[in-house]
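In what follows, every chain begins at residue 1, and chains take the letters A, B, ... in the order their sequences are listed.
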Amino acid sequence: MKKLQILAPDLYNAIFAKHEHRKGLPELECADQGVVMRFAPNPSGPLHIGHARAAVLNDAYVKQYGGRYLLRIEDTDPKRVDPDAYDMVREDIVWLGLGITETVTQSDRLSLYYDLCKQLIERGGAYVCTCNNERFRALKQAKCACPCRDEPVAKNLKLWGLMLDRTFKEGEATVRVKTDLDNPDPAMRDFPVFRILDSPPHPKVSAHVYPLMNFSVVADDHLLGITHVIRGKDHIANTRRQRYIYDHFGWKVPVYRHYGRMGIEGVVLSTSQMRLGIQEGTYTGWDDIRLGTLRALARRGISPDAVKNAVLAIGIGDTDISFSWDNLYAENKKIVDPIANRYFFVPDPLTLTIPGAPDHNAHAMLHPGDPARGTRTLEFKGTAMVPRSEITPESVMIRLKDLFNVNLTWEGGVPSFSYAGDSLEKARAAKAHIIQWLPEECAVPCTLLTQSGEITGACEPMVKNELGHVVQFERVGFAKIDSVNESGVRAYFTHK
RNA sequence: GCUGCUAUAGUGUAGUCCGGCCAAUCAUGCGGGCCUUUCACGCCCGCGACUGGGGUUCGAAUCCCCAUAGCAGCACCA
């Protein structure tokens, strides 16, 4: 085979071309002239990783093919609208760096939907159904039409008017699309598209009749010229339902792609469950670092590009997957490692006095890969704080990094320490751990908050200058400096 | 129950449409080594998968059937 490649490279390439590994996302059909896509969250809370997948995938395709990228706020269910979420969603999108070109909010567009509903009734594509829920459900299961289905258009228009003018109350009437009652999937049969809701009031508009998503989504996808829709496969049934509406209107259907369900190890992504946890005090807020919200990731020092890269690596496969923190952390480390300055953080410190050791200034590099950044200086004056876990009967020598070696001798379970010179070679030969340390005089109290609890310790004074930045605590891991004050430093553990 | 979708290593992913290049790609993870005044970064080596069973075929991860498992929908949610 290799011989063929050398003798006739063209032939070889022609034969084996299809086996070149593709990079990036699969091509979209009908996208050569550019695309119009949308990210359409429900404003019930802040965005989480699950949203990020939809948002980033659509964003990537718009960037790949060129075109417009709409943010559409789907707030047509007042029961599931959190007034604060409008801003949170916007903030999260800014953080993610999406290339949104315009924004629409569905609650501003109710009259558009009402008009289209009237048209749909006029076309005989929908009817007002006054059956109660159970009755309709039974008829549907039996593939039978409900009595409302065959009423004349004029009567349906009249009933529609009664819905709009508040004659009908909640639950008394609904608009249904005529589909195929013989459809083997009961979920397809004459599904509802408008309902009446008396309460709760919508936070943004005064309304009584609300479109269901299958109607408002079709209306807006058409009105806004959406060409491609990428969304989770939990919408496959909705896509099929929506086709009935497109057909009634004679509209062109966008290209759909449905990706699989995504879970995340050890995290709840359900907005309602997160809200409950916050209300009960289990979580400190939407940005509690144990949550999978984007603001929680941001607080922990995960970069938006890491989220993007991790999500793009997953792609649009329709298999159900479980999102792994490892993969996100690996992406983040690529971004953060070259940037983060290095500092010492000593967890659970033990203070050593080292008789005979000379006072000495240690100069440790802020970043070993970038010496030009300079150094931090730590002045040793007889005592050093070290991680308690490093002082074990097994170790006979430790090396304080960038300083010198210390011998350990144990008597009756009590260690004593002595200066052992500053030869790095000796430390290596003795297999001494080279550990982080701090002069007691300048140690700053520092709490490192991890997803599994708090670690108290101390850090270098210069960490105070890193507020809001991600640093690397040597031999501990990356951390984002969350707050700095007289009592010390609080940092969130990012990952190792 | 009815309807539909999916099934490649611990995790993610390529290959599946149009069967031979696949004793299966890449990343991550894990193990080992090198480098290194961090258990970071970098480099090298290794580990690890076609859900099971039939069938078609000279040849199947790829096509067909059955089974199993997972997921989704069957809401006046999105």
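Looking at heavy-atom distances under 4.0 Å, A/P78 makes no contact with the nucleic acid at all. Residue A/R189 is classed as having no contact, given no heavy-atom separation below 4.0 Å to the nucleic acid. Among the atoms of the strands shown, none is found under 4.0 Å from any heavy atom of A/P41. Residue A/D185 is in base contact, counting any heavy-atom pair closer than 4.0 Å across all strands shown. Across all strands shown, A/N183 has no heavy atoms under 4.0 Å from either base or sugar-phosphate atoms. No contact: A/K79 has no heavy atom under 4.0 Å from any strand. As judged by a 4.0 angstrom heavy-atom cut-off over every strand, A/E390 is placed among the base-contacting residues. Residue contacts for A/D77: at a heavy-atom cut-off of 4.0 Å it reaches the sugar-phosphate backbone alone, with no base atom in range. Counting non-hydrogen atoms under 4.0 angstrom, A/G171 reaches a base of the nucleic acid. Across all strands shown, A/N238 has heavy atoms under 4.0 Å from base atoms, whether or not it also approaches the sugar-phosphate. Across all strands, A/H433 comes closer than 4.0 Å to no nucleic acid atom at all (heavy-atom distances). Across all strands shown, A/F323 has no heavy atoms under 4.0 Å from either base or sugar-phosphate atoms.
A salt bridge is absent between A/R399 and A/D422: the closest approach of a Lys/Arg side-chain nitrogen to an acidic carboxylate oxygen does not fall below 4.0 angstrom. Salt bridge absent: A/K233 and A/D318 never bring a charged side-chain N and a carboxylate O closer than 4.0 Å. The pair A/E74-A/R72 meets the salt-bridge criterion, since a charged nitrogen lies less than 4.0 angstrom from a carboxylate oxygen.
Regarding A/I321, its CD1 atom lies at a distance of 13 Å from the C1' atom of B/rU28, rounded to whole Å. As a whole-Å value, the separation of A/R241 CZ from B/rA78 P is 11 Å. In this structure, A/R243 atom CZ and B/rG73 atom P are separated by 19 Å, rounded to whole Å. Straight-line distance from the NE2 atom of A/H258 to the P atom of B/rC5: 13 Å, rounded to whole Å. What separates CG of A/L269 from C1' of B/rC71 is a distance of 16 Å, to the nearest Å. Look at NZ on A/K496: it is 14 Å from P on B/rU38, rounded to the nearest Å. For the pair A/N327 CG and B/rU13 C1', the interatomic distance rounds to 9 Å; values are reported in whole Å. What separates CE of A/M262 from C1' of B/rA72 is a distance of 16 Å, to the nearest Å.
Donor-acceptor pairing under 3.5 Å is recorded for the side chains of A/H208 and A/D198. Between the side chains of A/N58 and A/R38, not a single donor N or O lies within less than 3.5 Å of an accepting N or O. Under the 3.5 Å distance criterion, with hydrogens and angles disregarded, a donor-acceptor pair is assigned to the side chains of A/S44 and A/N42.
Within 3.5 Å, no donor on the side chain of A/Q472 pairs with an acceptor on the base of B/rC41, nor the reverse.
In the set B/rC76, B/rU37, B/rA72, B/rC76 carries the atom at the smallest distance from any side-chain atom of A/N133. Each of B/rU37, B/rU6, B/rA40 was ranked by its minimum atom distance to the side chain of A/K401; first place goes to B/rU37. Each of B/rU37, B/rU38, B/rA27 was ranked by its minimum atom distance to the side chain of A/K334; first place goes to B/rA27. If you check B/rC76, B/rU37, B/rG4 against the side chain of A/R428, the one that comes closest is B/rU37. Counting only heavy atoms from C-beta on, A/S322 has its side chain closest to B/rU11 among B/rU11, B/rG4, B/rU37. Nearest to the side chain of A/L212, among B/rU38, B/rA78, B/rC71, sits B/rA78. Of the candidate nucleotides B/rU13, B/rU37, B/rU28, B/rU13 has the atom nearest to the side chain of A/I314. Among B/rG70, B/rC76, B/rA78, the nucleotide with an atom closest to any side-chain atom of A/R176 is B/rC76. If you check B/rC74, B/rA40, B/rA75 against the side chain of A/D337, the one that comes closest is B/rA40.
When the P atom is used for both B/rC74 and B/rU51, the distance is 30 Å, rounded to whole Å. With both ends at atom P, the span from B/rC76 to B/rG55 equals 48 Å, rounded to whole Å. Annotation: B/rC47 and B/rU6 have their C1' atoms spaced 28 Å apart (nearest Å). The gap from the P atom of B/rA9 to that of B/rA61 amounts to 15 Å, rounded to the nearest Å. Here, B/rU25 and B/rA40 have their C1' atoms 28 Å apart, quoted to the whole Å. B/rG29 and B/rC17 are spaced 32 Å apart, taking the C1' atom of each and rounding to whole Å. B/rU62 sits 15 Å from B/rU56 when the P atoms are compared, rounded to a whole Å. Annotation: B/rA60 and B/rA24 have their C1' atoms spaced 13 Å apart (nearest Å).
OP1 or OP2 of B/rA72 sits under 4.0 Å from a side-chain N or O of A/R261. For B/rC74, the OP1/OP2 oxygens have no side-chain nitrogen or oxygen of A/K140 closer than 4.0 Å. For the pair A/R137 and B/rA75, the criterion of a side-chain N or O lying under 4.0 Å from OP1 or OP2 is met. When the side-chain nitrogen and oxygen atoms of A/T76 are compared with OP1 and OP2 of B/rA78, one or more of them lie within a distance under 4.0 Å.
If A/S324 and A/I236 are placed on RNA chain B by their nearest nucleotide, the residue sitting closer to the 5' end is A/I236. Across the interface with RNA chain B, nearest-nucleotide mapping of A/T174 and A/A237 shows A/A237 to be the residue nearer the 5′ end.
Between A/F323 and A/W325, the two ring planes are perpendicular [angle over 60°; tilted spans 30° to 60°]. Ring geometry for A/F404 against A/Y419 counts as perpendicular: the plane angle is over 60°, on a 0 to 90° scale with 30° as the lower cut.
Using Watson-Crick or G-U wobble geometry with both donor-acceptor distances under 3.5 Å, B/rG29 finds its partner in B/rC47. Of the nucleotides present, none pairs with B/rU16 by Watson-Crick or G-U wobble criteria with both distances under 3.5 Å. Across all strands shown, B/rC34 pairs with B/rG42; the Watson-Crick or G-U wobble distances both stay below 3.5 Å. Applying the Watson-Crick and G-U wobble criteria (two distances, each under 3.5 Å), B/rU56 pairs with nothing in any strand. The partner of B/rU6 is B/rA69, judged by Watson-Crick or G-U wobble contacts that both fall below 3.5 Å.
Residues A/D220 and A/R109 are in side-chain contact: their nearest non-hydrogen atoms beyond the backbone lie under 4.5 Å apart.
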Check your understanding: Run the ring pair (Phe, Tyr, Trp, His ring centres under 6.0 Å) check on A/F215 and A/F194 step by step: do they pass?
Key -> CA-CA 8 Å; A/F215 192 89; A/F194 279 86; 4.8 Å; yes
